[in-house]
J.: 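Below are the structure tokens for one structure; questions will follow.
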2 protein chains.
Amino acid sequence: MAKTDVLTLAILGILRDQPLHGYQIRKRLGAELGPFRALSYGSLYPCLRRMVEAGLIEASGDEANGPSHASSRRARIAYSLTDAGRSRLSEELASAGASSWDDDAFDVRFSLFAHTDAATRLRILEGRRSRLSERLEEVSEGLKRMHERHDAYTAELQRHGLEQVEREVEWLDRLIENERSARGGENNGSASADH
Amino acid sequence: MAKTDVLTLAILGILRDQPLHGYQIRKRLGAELGPFRALSYGSLYPCLRRMVEAGLIEASGDEANGPSHASSRRARIAYSLTDAGRSRLSEELASAGASSWDDDAFDVRFSLFAHTDAATRLRILEGRRSRLSERLEEVSEGLKRMHERHDAYTAELQRHGLEQVEREVEWLDRLIENERSARGGENNGSASADH
DNA sequence: GTTCAGTTATATCGCTCCGATACATCGGGC
DNA sequence: GCCCGATGTATCGGAGCGATATAACTGAAC
């Protein structure tokens, strides 16, 4: 079975197209998932080590860069996917379980949608949507029940939180609509190499 | 100096008005900060222990509930603020540094606004606002620079993140406006009896 | 009236993550 | 020549989380 945590998945995804070393992985991930979700070295390097141990990636002493000049390049360790890593990635990309629409995992899964087939994309979006509407009900339930007992600021915080989730749902509805209308037109294939 | 972490502050705040035991603390916190921000026991109990060690709270073997019926209530440990804890709380409530408008801290600080004086409220809101607009610029900068090199889904994720932050800023602007217009009318006092 | 599920309640273990920090090297500007 | 900011690898301590164990009470089904 081997469960794949979010960080591992994100790294598998980012190494899909080229080998990179730690520093680059961090920058790319930061750029793709937004400047929030910082990802510190304190998580990155241990995770890379775990992945090497698990045989998902391979470390190599950086030959990659051009003809270049003679001698002592600084220590750089480029990581690339092994076959096991590549098949783990596609296995993971084909799945659409609860772990795909959790708060922290959804962004990563979404950022890999270009390599996910249309049916799975739709299932993930719908799963995320239903997860959020559960939450919606919880919160608005709570809001009604707290008439007294809470001051204006706390209530405002709740109201604002509710609104945020509502907008998130609207966003998902738009995306789902798009996916649905794209279906039927084209072949529904896996989108793959656009850049 | 003694830095107070977010969780500690939240607990100080929730114990301000009555002693509670662990389970209740968790429920209240969950209700006040929204059902997100779960707070697991694995964080709560260690934190309570730290706070007892630091002399901020006191454990007592639960006499609190009514006349009640005779004998063996199950083990329940009620925690209440010590004088040190109470003064730490008001000290913390009077401050408005960067730690008040960090992502994770802001919600907690905001939920305690009813016990924060008007000037500090305003400073915190403004601090949070400027933190978010920094981020705004970063992200939109990044969005412009990534024309190529990113697929449609990744771009959409960025766009959506940007929009969220924009709305957060609008929300803050509304709150700041309210605070400003309330000033001048009333006495600007601290909304409550600080000891 | 007994069983069974759910809530109240405290507590710990292992693991991961983060922030801070320590190194070293590179490319440029002054 | 010299410092500064980016590039790059790495670790440490502390804090949080998810899962889990334990146990007593509550109430409804049967």
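Reminder, nothing fancy here: chain letters follow the sequence lines and each chain counts from 1. This one's a predicted model, so the numbers in the text were calculated from it and none came from an experiment.
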J.: To the nearest angstrom, how far is Leu7(B) atom CG from dC17(D) atom P?
T.: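 So the two atoms are 8 Å apart, to the nearest Å.
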
J.: Whole Å only: how far is the CG atom of Asp5(A) from the C1' atom of dC17(D)?
T.: 13 Å

J.: Does the plane of the ring in Trp171(A) sit parallel, tilted or perpendicular to the ring in Phe110(A)? Use 30° and 60° as the thresholds.
T.: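 Tilted, since the angle between the ring planes falls between 30° and 60°.
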
J.: For Asp104(B), I'd like to know if atom CG has over 12 heavy atoms of other residues, nucleotides or ligands within 6.0 Å.
T.: yes

J.: Please state how far atom CD1 in Ile77(A) lies from atom C1' in dT7(D), giving the value in whole angstrom units.
T.: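 It works out to 14 Å between those atoms.
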
J.: Take the protein atom OH of Tyr23(B) and the nucleotide atom P of dT26(D), then report the distance between them rounded to whole Å.
T.: 14 Å

J.: If only side-chain N and O atoms count, and only distance matters, is there a donor-acceptor pair under 3.5 Å linking Ser99(A) with Asp102(A)?
T.: no

J.: Among residues 40-51 of chain A, which contact DNA chain C at a heavy-atom distance under 4.0 Å?
T.: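 Heavy-atom contacts with DNA chain C come from Ser40(A), Gly42(A), Ser43(A), Arg50(A).
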
J.: Atom CG of Leu20(B) and atom C1' of dT10(C): how far apart are they, to the nearest Å?
T.: 15 Å

J.: Answer yes or no: is there a side-chain heavy-atom contact under 4.5 Å between Leu9(B) and Leu112(B)?
T.: yes

J.: When the distance from CG of Leu39(B) to P of dG18(D) is rounded to whole Å, what number comes out?
T.: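 From Leu39(B) CG to dG18(D) P: 10 Å.
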
J.: What's the CD1-P distance between Ile25(A) and dT7(D), to the nearest Å?
T.: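 Result: 15 Å.
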
J.: Please name the pair of heavy atoms, one in Leu12(B) and one in Leu81(B), separated by the smallest distance, quoted to 0.1 Å.
T.: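 Heavy atoms only, the tightest pair is CD2-CD2, 3.5 Å.
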
J.: Between P on dT16(C) and CG on Asp104(A), what's the gap in Å once rounded to a whole number?
T.: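 The answer, rounded to whole Å, is 15 Å.
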
J.: Give a yes/no answer on whether the side chain of Lys27(A) brings an N or O atom under 4.0 Å of OP1 or OP2 in dA6(D).
T.: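 Answer no for this pair, as no side-chain N or O of Lys27(A) is under 4.0 Å from OP1 or OP2.
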
J.: Arg109(B) and Glu92(B): which non-hydrogen atoms are nearest, and at how many Å?
T.: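 Scanning both residues, the minimum pair turns out to be NH2-O, 2.7 Å.
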
